Each structure stands twice: as C-alpha cells, then as structure tokens.
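Below is one structure, written out as structure tokens; the observations come after it.
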2 protein chains.
Amino acid sequence: MLTPERHQIILDLLKDRGVVKLHELVEATSSSESTIRRDLSQLENEKKLKRVHGGASLLAQKGEELSITEKAAKNLKEKDKIAQYAASLIRDGDCIYLDAGTTAFQMIPHIKAKEIKVVTNGLTHLEELLERGIDTYITGGYIKQKTRALIGKGALEGVKQYRFDKCFIGVNAIHTEYGFTTPDPEEAMVKLNAMNLSQETFVLGDRTKLNEVTFAKIADLKEGTIITDETDEEILAPYIEKTTIKVVTT
Amino acid sequence: MLTPERHQIILDLLKDRGVVKLHELVEATSSSESTIRRDLSQLENEKKLKRVHGGASLLAQKGEELSITEKAAKNLKEKDKIAQYAASLIRDGDCIYLDAGTTAFQMIPHIKAKEIKVVTNGLTHLEELLERGIDTYITGGYIKQKTRALIGKGALEGVKQYRFDKCFIGVNAIHTEYGFTTPDPEEAMVKLNAMNLSQETFVLGDRTKLNEVTFAKIADLKEGTIITDETDEEILAPYIEKTTIKVVTT
DNA sequence: TGTTTTTGAAAGAAAATGATTGATTTTTGG
DNA sequence: CCAAAAATCAATCATTTTCTTTCAAAAACA
C-alpha cells in the first residue's frame, strides 16, 4: 500500500471518530505498527493530527491550510534536539517570550518548568500551550495569513507590555557579518523588540541556517546565544569569536 | 481507552450535570480510580474543571457564565437574525471592532462588505474571519481559557491602538437602570474601551438579556444602540426613552 | 547491478495504568 | 460538641502497554 493511501485512510478514520487507536490503524491498513507510527509522526509534523499515547486525535483547532510540507519533516530530529535543549533552559517561574515558527513550537512539549508565563506572537502555539496549563499571553497585531504569526505595530506594542527572563527566537539565517536575518521585516521588528525586552536571548538555528543571509536584519550576533546542531569546528569557529554558542549533539 | 476519549467523556458528563462523582466517572469510562484522579488533576490544570472532594465540578465562574459550546445552542435562530442585521450595518472599507462571544461570532458569515478591517479579542473568530479573506487584527492579552477571549491589560492596550467606525459588543445583561453588564470585570473593561474608541456602538442583546443584570458594568444604555429581537412594546418602552434601539423581527 | 527508500522486527526506554499504602477529609452517631 | 467510622485523597510501586531507536530484509528505483 502506498504511503499517501495510508495517510488518507488514517485521516479519514480520524475525522470520522475524533480519535483512533494505533492498533485500529494497523488493522485498517494491514501494515505493521512501525509503519503506522512513522505515518503518525509525519502527519503530526504536517499538523494534520495530534499524536497521543496509544493512537492519534484530531487537532483542537481545525488546522486547514496550516500544514507544513515535507521539508519541515526533514531535519526533524536535529531540530527537536535543539528545541529540547532550549526548553530545558526554562526555569520555574520564568517569564518567557516564545517566537512564532516551527522551531519554537517544538519547544512546547519539552517544557517541564512550572508556574511560567509565556508570551507569544504565534497563534499556532496557543493550543499546545494551553493544553499544558501554561499561562499564555499573546502580543496582538496583524495576522500574517501564511504563518499565523502576529506582526505589525500591534504586535510591537503588544510585546512592549512585557519583560522577559528569556526569549527564544527562530531565525532563517545566521551570518558572522550580517547577523540574524529573516525574510519579513515586520517579523524582524517583533523579534528584535522581544530580544531587547529580555534578560537573555536564545536564537534557535539548525545547521542549515548558518552562513546564510536573508532580507531583513534582526540583530547582531552578539545580541543572542545561538543554539545549533552544527558540530563542524571550522564552521563554528568564527561564531565562537563573536558570540556565545551552544552546540547540541544528537 | 485513549486519554482524549476519557477526557471528553468527563467533560461531557460534567457539562450535563454540573458536578460528577469520581465513581460515576470510573464507571462511565471503565477505568480505575487512579486513572480518573489523574485525569481530573490534568483537566483542572488546564482549567477545564474544578476538582472537589469526591469528584469534580464546573469551573466556578463569577456570575455563572456558560462555556462557549453551551451558549451556542441557545436561542439560535433569534440570535442569528440579530447577527445578520448587525452584519448588514457594515459598509465597505469600515474598520470594525468585533467583540468576543457567540453573538458577534455569528455575524461573521453574514458580512458582505469588502475591504474592511476587523479587530477582535475573540480567538474563536479568527479562523472564520481569515477564511473570508478579511484583514484581521487581534488585541493581544491574556487568554481566558473558558471562552478564548483576550482580556487584561494586554487586551486594553491592544484595543487602544485602533479607532473604529463601528463596534459590535455582546453583553450578558441589559437593564434600564444599570445599563450594560457582563459577569467578568476584565471583559467589561475591554468592551468599554472598544466602545470609547468607536464612532458608533451596537450592542447585541437578544430578548433574554433585557431587564437582566450581572456583575460588571460596561456602560450606560445611551452609549450604544441596542439590537434585539424583543418585540413586546411594554418591555421595549423604557429602553426607547433612554437610547436608540433596533428591533429585528423574525 | 548498485543505490535509495520503505518496511517490519526486536530491544530497551518511557508512559500509562491499577493496586496499595497511609494520610486527610467528611460524615456519622453519640 | 467530640470522637469514631467511612470515604476520599496523594504518593508510590509493580505491571502492562506503548514508544523510540536501531537494524536488516524487502521493495522501488536508476
């Protein structure tokens, strides 16, 4: 049976019942547990469903066009390591800014700290945060359709209402000379503001982001601690000179 | 049985009865006491219910608010007429404030005007608004779990960033002497701010809201045009004296 | 053919569950 | 009102189930 077929069966069954057990899917598709597990992981990353212990359930919010393509599923494991490490930096009682975007999103399941407050401009994060009973605030602003990030003046003013112990920022590109950059200037502004209002800044950038540049500058390297999975000493060297960097090993 | 299934059963049963005993839940889900206790702890943490000795109860809300799903079922047809009329007031190019809550939510499918901008503090409205390609802004603030409304200082400041041609406010009670009231003072503040920043204010209140009072005052009657489905002249008379009122007939 | 991708099986890790313990709260009966 | 009895509770532990990771075989591809 082809992968897309199986995925369709899974989603259909899920839509029908709300929740499905793994074993039901094994039976319905006559594939092995392993295969179904892989399917579920993939579909979860595409935000088509939510895995739960023993099976899967519909997403609380009906994520329509929100699905992310294959490329998001690629560096998954590395990104998750980064997210996990980042989440471990959060301490009980911290006030956190959590940037919109998938990398920051992945931190949420790994957050162990209690009594924290989280401010975010990522609408996609809300369900996950609330499900964990985390006190959640959002910045307000204009809703950027493609990513469901909040941007614009409203978001800027929203961020300014708070002060953070730590902020976690996702970026598209990190470069020794050009610093942190991201394609959308409006988003860059929000990120910068959050950084300025935070005691500590952590920039989440997997190895594919290093030595890259995009359009809008967020800040210089020295403004944040980079968390990455790049291990090549040669590539890392110039960054180590200019800022602090934490390398997460798999 | 999967965790989300059990949680759903618990919440359904709770919604039905207001309070449930632990043993009822044990029986209804055929799981052990321990499991149900864990479920209750978790759901309490998510602010979906309140644990009490011997079981759980609905969240004690100031002034007895119904959760979103409960409200939606009541007075559906009348409310929809009100929503439809309200939506027809929106003109091309208007800047609108759309209050959180089900009545305002029902306006969205009826909105015909183009090129409008909508600001809202209701997270539940977003999908619907974006689906119609409406430029949408949100106020920011703290997320009130039960209703998904944004409240608190963040919401207040968020509202203040904008000016509106018209605002549409949902209220819980309308009274000739006590004006517009709603159970949550935090929500009342947000509503009042929106009204003050708007050229015109429309208050959506079906007949069940008239001659009622709840805890937190939003504003005096004269501050807004009431849209209602009450047709009894006797009931309407005192309101007509004090403010403008539009009666929607079914 | 060699290479890549998909698949299923297996072992150890992690999570959920149900039973048990003793502490705490509520109810009962004087 | 008090104290004993009953019920409920949180905490812990062993068991079961499910999960992740890894690896090798099978299938698809060039």
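Sequence lines set the chain letters: A, B, ... in the order given, protein chains first and strands last, and positions in each chain run from 1. Computed from a prediction, not measured in an experiment: that's the story for all the values here.
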Pairing residues for A:Phe180 by the ring-ring contact (aromatic ring centres under 6.0 Å, His included) criterion, not counting sequence neighbours: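 A:Phe180 satisfies ring-ring contact (aromatic ring centres under 6.0 Å, His included) with no residue once adjacent residues are dropped.
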Partner residues of A:Phe215 under the ring-ring contact (aromatic ring centres under 6.0 Å, His included) criterion, sequence neighbours left out: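 Partners of A:Phe215 under the ring-ring contact (aromatic ring centres under 6.0 Å, His included) test: none.
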Respond yes when some side-chain nitrogen or oxygen of [X] is under 4.0 Å from OP1 or OP2 of [N], and no when none is.
| X | N | result |
| --- | --- | --- |
| B:Arg6 | C:dT17 | yes |
| B:Ser32 | C:dT17 | no |
| B:His23 | D:dA7 | no |

Partner residues of B:Glu212 under the side-chain hydrogen bond (donor to acceptor under 3.5 Å, both in side chains) criterion, sequence neighbours left out: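 B:Glu212: no side-chain hydrogen bond (donor to acceptor under 3.5 Å, both in side chains) contacts found.
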side-chain hydrogen bond (donor to acceptor under 3.5 Å, both in side chains) partners of B:His23, counting only residues at least two apart: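 Counting only residues at least two positions away or on another chain, B:His23 forms no side-chain hydrogen bond (donor to acceptor under 3.5 Å, both in side chains).
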Sub-4.5 Å side-chain heavy-atom contact between A:Glu187 and A:Thr147: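 Of all side-chain heavy-atom pairs linking A:Thr147 with A:Glu187, at least one is under 4.5 Å.
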Which atom of A:Leu59 lies closest to which atom of A:Lys50, heavy atoms considered: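 Minimum heavy-atom separation between A:Leu59 and A:Lys50: CD2-CB, 4.0 Å.
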Under 4.0 Å protein heavy-atom contacts per nucleotide of nucleotides 10-22 of chain D, with B for base, S for backbone only and - for none: S-------SBB--
Side-chain donor-acceptor contact under 3.5 Å, A:Asn211 with A:His175: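 No pair is found: no donor N or O on one side chain lies under 3.5 Å from an acceptor on the other.
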Terminal axis angle for the helix from C:dT1-D:dA30 to C:dG30-D:dC1, five pairs an end, nearest 10 degrees: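 For the helix from C:dT1-D:dA30 to C:dG30-D:dC1, the axes at opposite ends meet at about 40°.
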B:Met1 CE to C:dA15 C1', straight-line distance once rounded to whole Å: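 Value for this atom pair: 19 Å.
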Ion pair check, A:Arg91 and A:Asp94, cut-off under 4.0 Å: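 Looking at A:Arg91 and A:Asp94, the cut-off is not met.
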